[in-house]
Amino acid sequence: MKNVIELISERITAAIEQATGQKAAAMVTPATDSKFGDYQSNGAFALAKQLKNNPRQLAEKVVAALQIDDICLPPEIAGAGFINLRLKPEFVAENLLRIAANPNLDIEKTSNPQTVVVDFSGPNIAKQMHVGHLRSTILGDCICNMLGFIGHDVKRQNHIGDWGKQFGMLCALYDRKCIEMGRQGKTLNASETLSDIEAFYREAQQLCNTDKEFDQEAREAIAGLHSGSQVWLARWEEIVSYSREHYEKIYEKLRVGLSDLHVRGESEYRDKLADVVNDLKQKKDSQGNPLAVESDGAICVFPDGFKTKEGNPMPFIIQKTDGAFLYATTDLAALRYRINELKADRIIYVTDARQKLHFEMLFAVARKAGWINDNIKLDHITFGSVLGEDGKPLKTRSGENVKLKDLLDEAVKRAKAVVEEKNPELSADEKEKIANAVGIGAVKYADYSNNRTSDYIFSFDKMLAMEGNTAPYMQYAYARVKSIGRKAEQKGINVENEINSVKTPNLTEPAELALAKHLIKYGQSINTALSDLRPNFLTNYLYELAQEFSGFYNACPVLEDTPARPTRLLLCDLTAKTIRHGLENLLGIEVVKQM
RNA sequence: GCGCCCGUAGCUCAAUUGGAUAGAGCGUCGGUCUACGGAACCGAAGGUUACAGGUUCGAAUCCUGUCGGGCGCACCA
């Protein structure tokens with residue numbers, strides 16, 4: 001189904017052209033108030049200004065030329081020149097059947113499929129995943145789901161922090177522990193040794209400061225890693241692979257579509273870094289100067305328009321005075337790989353807003369170097385912080401970052417307590433499953449439903465509430481629809497047959513029509529969410545859908561033996577399918593049949 | 001100091017990117033129900049969109065300034 005806004009826009013644009021000879025935007029949006037209809041066109045205002053006409057008179061001309069009676073009731077002109085449109089029930093009914101007949105809910109694929117690289121999550125190997133990784137991980141995942149669903153070729157990239165100075169000391173400590181175990185005639189149990197990777201990190205750091213011998217070993221380790229020593233690389237690989245297990249468990253818990261297939265960490269680019277620097281040294285700007293120059297001992301690129309706090313040109317440092325490379329260098333190498341090897345048309349970076357300057361400079365340097373042309377779109381998708389109830393960044397009482405695992409476990413635990421209370425007769429297995437879906441879903445949904453650019457206050461009580469725009473409310477709405485189906489089967493109604501028997505949905509009740517109108521807007525909501533990569537548009541849509549369903553549910557008994565029943569069963573079925581698709585396929589939140 | 005983001009109901013947040021009378025949820029107050037899950041639904045009250053100017057048919061949204069908050073600004077990521 002072509003989305004309704006586009007369909008109406010085409011007609012109005014054509015009418016404008018016919019009435020005035022001008023090509024102008026129809027500016028169709030959903031009506032600001034349902035009393036005005038379903039959609040409105042504000043195109044007459046802009047054009048009237050341009051032509052120095054009266055907008056109301058212009059709107060009248062446009063409406064006179066408008067051919068839209070297959071979609072809408074007769075258009076109305078209101079106020080200073082709004083064109084108000086109300087969908088014909090027949091049009092709504094027809095589209096309802098198309099959604100029912102199409103496994104993808106009749107959502108149109110993009111006419112311009114692209115290869116889109118999405119860089120998200122990117123945990124640091126030497127740390128457990130904490131609350132700071134939550135937003136990037138799930139926002140990125142949702143963006144991938146939405147892009148993939150409308151037909152783009154999505155390449156997920158997990159740019160993990162698996163290379164750098166800290167691995168010298170980690171490998172050295174790991175090596176010591178292996179040797180120690182060997183002396184005792186035992187084998188080191190890697191998963192146990194590294195279970196608390198941060199404690200391991202702290203221990204190594206401590207030793208560096210207090211134990212000169214260890215510090216020396218750490219230097220040897222880092223030198224060994226850089227020169228490709230098999231022994232040290234083996235140690236490094238063990239550490240990396242065991243930490244990966246940790247966050248793969250988290251991804252599984254979160255139902256995020258990341259696996260080892262998507263990992264392409266900093267270490268993958270280590271052989272390309274010198275080349276990046278050399279290339280930038282050789283490239284010349286328009287004045288014939290090399291792009292990369294030495295400044296205070298470091299190799300830097302100075303993209304235009306960036307200043308330090310002293311007011312000097314701001315460097316993008318790609319090689320430190322001591323010869324080491326930085327994350328800027330790695331990001332440049334990764335960007336080149338994504339363009340040249342992955343053939344990206346677009347690259348989306350999902351990291352917090354604090355890295356804005358870094359990405360602005362990265363993009364500027366890449367363009368200056370000619371690595372990307374104007375057809376390639378680079379996006380830095382920023383987001384705000386997760387705050388505690390006190391309005392400050394969420395920390396534990398002792399001031400540490402909250403571990404993602406602890407946070408999710410707590411959410412599931414609280415959800416379980418609610419299930420125990422509300423539905424004690426369910427089996428232990430079912431309770432477990434529901435608690436998991438509700439707890440994890442609540443955390444994710446709360447994040448998605450906030451505007452990603454602002455900070456938000458993390459509150460278990462709010463996100464687990466049954467009221468309002470929350471995961472449990474949505475999951476409950478789904479469970480309630482599904483229970484109608486169960487009830488119907490108990491009464492001996494063959495639901496599938498009855499739904500298939502609907503040749504023309506009969507949308508006579510206002511609540512039926514309102515629900516149906518909302519159902520056919522699903523594709524539009526995905527487009528809107530994608531245009532700015534903001535999942536909260538999608539959660540808004542789903543919440544409104546659940547509310548429309550509630551209205552319908554109260555007003556229209558479904559299971560009574562009346563001619564209205566087949567259409568009502570169809571509406572229930574499509575509501576369930578839409579909620580499930582939105583929650584599971586796009587947001588990655590599990591639905592349950594009962595809760 | 002410079003740059004970026006932000007300031008919307010008592011609280012937590014929206015507002016489809018410049019559209020009509022700024023919307024939800026929580027909390028408060030009042031109501032509904034012998035139907036399919038009351039874990040529901042309906043209604044009321046609550047606003048000078050931080051403040052002051054400006055742009056235009058029209059501003060929470062764009063511009064300027066002020067105040068308040070967050071973040072960032074040369075070798076960490």
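Heavy atoms only: backbone and side chains are in, while hydrogens, waters and symmetry mates are out. Just so we're on the same page: letters track the sequence lines, and every chain starts at 1.
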Does A:Y349 have a side-chain nitrogen or oxygen under 4.0 Å from the phosphate oxygens OP1 or OP2 of B:rA77? no
Polar side-chain atom of A:Y522 near backbone of A:G582 as donor-acceptor pair, under 3.5 Å: yes
For A:I317, which contact category applies under a 4.0 Å heavy-atom criterion: base, sugar-phosphate, or nothing? base
Closest to the A:A78 side chain: B:rG37, B:rA14, B:rA20? B:rA20
Is A:F45 stacked against the base of B:rG58, taking the criterion as centroid distance under 5.5 angstrom and interplanar angle under 30°? no
So if I take every side-chain heavy atom of A:Q547 and compare against B:rG37, B:rG25, B:rA14, which nucleotide ends up nearest? B:rG25
Taking B:rU32 as the reference, what is the distance to B:rU8 when you measure between their C1' atoms (whole Å, please)? 32 Å
Please work out if A:T29 contacts a base, only the sugar-phosphate, or nothing of the nucleic acid, heavy-atom cut-off 4.0 Å. sugar-phosphate
Provide the distance between the two C1' atoms, one in B:rA14 and one in B:rG53, to the nearest whole Å. 28 Å
Paired nucleotide for B:rG7 [Watson-Crick or G-U wobble; both distances under 3.5 Å]: B:rC67
Counting side-chain heavy atoms from CB outward, which of B:rG37, B:rA39, B:rG72 is closest to A:K487? B:rG37
Considering only side-chain heavy atoms of A:S454, which listed nucleotide, B:rA74, B:rA15, B:rA14, is closest? B:rA14
Tell me if the side-chain of A:E467 makes a donor-acceptor pair with the base of B:rA39, cut-off 3.5 Å, by modelled atom types. no
Using the rule given for side-chain hydrogen bond (donor to acceptor under 3.5 Å, both in side chains), can you reason through A:H358 versus A:Y327, listing the C-alpha separation, both sets of side-chain angles and the distance that settles it, and then say yes or no? CA-CA 10 Å; A:H358 168 71; A:Y327 83 131; 3.2 Å; yes
Determine the contact category for A:D561: base if any of its heavy atoms lies under 4.0 Å from a base atom, sugar-phosphate if only primed atoms, P, OP1 or OP2 are that close, otherwise nothing. nothing
Do NZ/NE/NH1/NH2 and the carboxylate oxygens of A:D461 and A:R414 come within less than 4.0 Å? yes
The side chain of A:L357 lies closest to which of these nucleotides: B:rG72, B:rG25, B:rA74? B:rG72
Answer with base, sugar-phosphate or nothing: what part of the nucleic acid does A:F537 contact at a heavy-atom distance below 4.0 Å? sugar-phosphate
Using a heavy-atom cut-off of 4.0 Å across all strands, would you classify A:T470 as base, sugar-phosphate, or nothing? nothing
Taking the minimum atom-to-atom distance to the side chain of A:K462, which one of B:rA14, B:rC11, B:rG19 wins? B:rC11
C1' atoms of B:rG54 and B:rU61, separation to the nearest Å: 15 Å
Hey, is the side chain of A:N540 poking within less than 4.0 Å of OP1 or OP2 on B:rG23, counting only N and O atoms? no
Indicate, with a heavy-atom threshold strictly under 4.0 Å, whether A:Q524 touches base, sugar-phosphate, or nothing. nothing
Looking for any heavy atom pair under 4.0 Å, which part of the strands does A:S483 touch: base, sugar-phosphate only, or nothing? base
Pairing partner of B:rU16 (Watson-Crick or G-U wobble, both distances under 3.5 Å): none
Integer angstrom distance from the C1' of B:rC51 to that of B:rC67: 7 Å
Does the distance from a Lys or Arg side-chain N to an Asp or Glu carboxylate O, for A:E498 and A:R565, drop under 4.0 Å? yes
My understanding is that a pair needs two contacts under 3.5 Å, Watson-Crick or G-U wobble. By that rule, which nucleotide pairs with B:rU48? none
Once you apply a heavy-atom cut-off of 4.0 Å, does A:K307 come out as touching a base, just sugar-phosphate, or nothing? sugar-phosphate
Any N/O donor-acceptor pair, A:N554 side-chain to B:rA35 base, under 3.5 Å: no
Would you mind classifying the nucleic acid contact of A:Q40 as base, sugar-phosphate or nothing, using non-hydrogen atoms under 4.0 angstrom? base
When you compare B:rA40 with B:rA35, how far apart are their C1' atoms, in angstrom units rounded to a whole number? 13 Å
Compare the minimum distances between each of B:rG37, B:rA15, B:rA39 and the side chain of A:R486, then state the nucleotide with the smallest one. B:rG37
Just checking A:N451: base, sugar-phosphate only, or nothing, at a heavy-atom cut-off of under 4.0 Å? sugar-phosphate
Counting heavy atoms from C-beta on, name the nucleotide in B:rA39, B:rA77, B:rC4 closest to the side chain of A:E266. B:rA77
Is there a side-chain hydrogen bond (donor to acceptor under 3.5 Å, both in side chains) between A:N536 and A:S449 once you walk through the steps? CA-CA 4 Å; A:N536 67 309; A:S449 58; over 6 Å; no
Touch check for A:C300, heavy atoms < 4.0 angstrom, all strands: base, sugar-phosphate only, or nothing? base
A:Y476 over B:rG37, stacked by centroid distance under 5.5 Å, angle under 30°: no
Span that lies between the P atom of B:rG25 and that of B:rA44, in whole angstrom: 12 Å
So, is A:R452 near the phosphate of B:rA14, with a side-chain N or O under 4.0 Å from OP1 or OP2? no
Applying a 4.0 Å non-hydrogen cut-off, can you work out what A:D455 is touching in the nucleic acid: base, sugar-phosphate, or nothing? sugar-phosphate
Do the side chain of A:K35 and the base of B:rU21 come within less than 3.5 angstrom through a donor-acceptor pair of N or O atoms? yes
Closest to the A:T528 side chain: B:rA35, B:rA20, B:rU16? B:rU16
Are A:E360 and A:K356 ion-paired here, with the side-chain N under 4.0 Å from a carboxylate O? yes
Run the salt-bridge test on A:R135 and A:D352 with the 4.0 Å N-O cut-off and return the result as yes or no. no
Base-pairing mate for B:rG1 - Watson-Crick or G-U, with both contacts under 3.5 Å: B:rC73
State which of B:rA39, B:rC36, B:rU16 makes the closest approach to the side chain of A:V558. B:rC36
Heavy atoms under 4.0 Å, any strand shown: does A:A324 hit a base, just sugar-phosphate, or nothing? nothing
If the threshold is 4.0 Å, N to carboxylate O, is there a salt bridge linking A:E60 and A:R56? yes
Whole-Å C1' distance, B:rG1 and B:rG47: 37 Å
Can a side chain N or O of A:N536 be found less than 4.0 Å away from OP1 or OP2 on B:rA15? yes
Pair partner, B:rA40 [Watson-Crick or wobble, under 3.5 Å]: B:rU32
Nearest-Å distance once atom C1' is located in both B:rA77 and B:rU55: 43 Å
Need one value for A:F36: base, sugar-phosphate or nothing, where a base atom within 4.0 Å counts as base even if backbone is also close, heavy atoms only. base
My understanding is that a pair needs two contacts under 3.5 Å, Watson-Crick or G-U wobble. By that rule, which nucleotide pairs with B:rU61? none
Show your reasoning for whether side-chain hydrogen bond (donor to acceptor under 3.5 Å, both in side chains) applies to A:N401 and A:K395. CA-CA 5 Å; A:N401 284 324; A:K395 302 271 177 184; 3.2 Å; yes
Can you say whether a donor on the side chain of A:T32 sits under 3.5 Å from an acceptor on the base of B:rA20, or the other way round? yes
Taking NZ, NE, NH1 and NH2 as the nitrogens, is one of them in A:E590 or A:K433 under 4.0 Å from a carboxylate oxygen of the other? yes
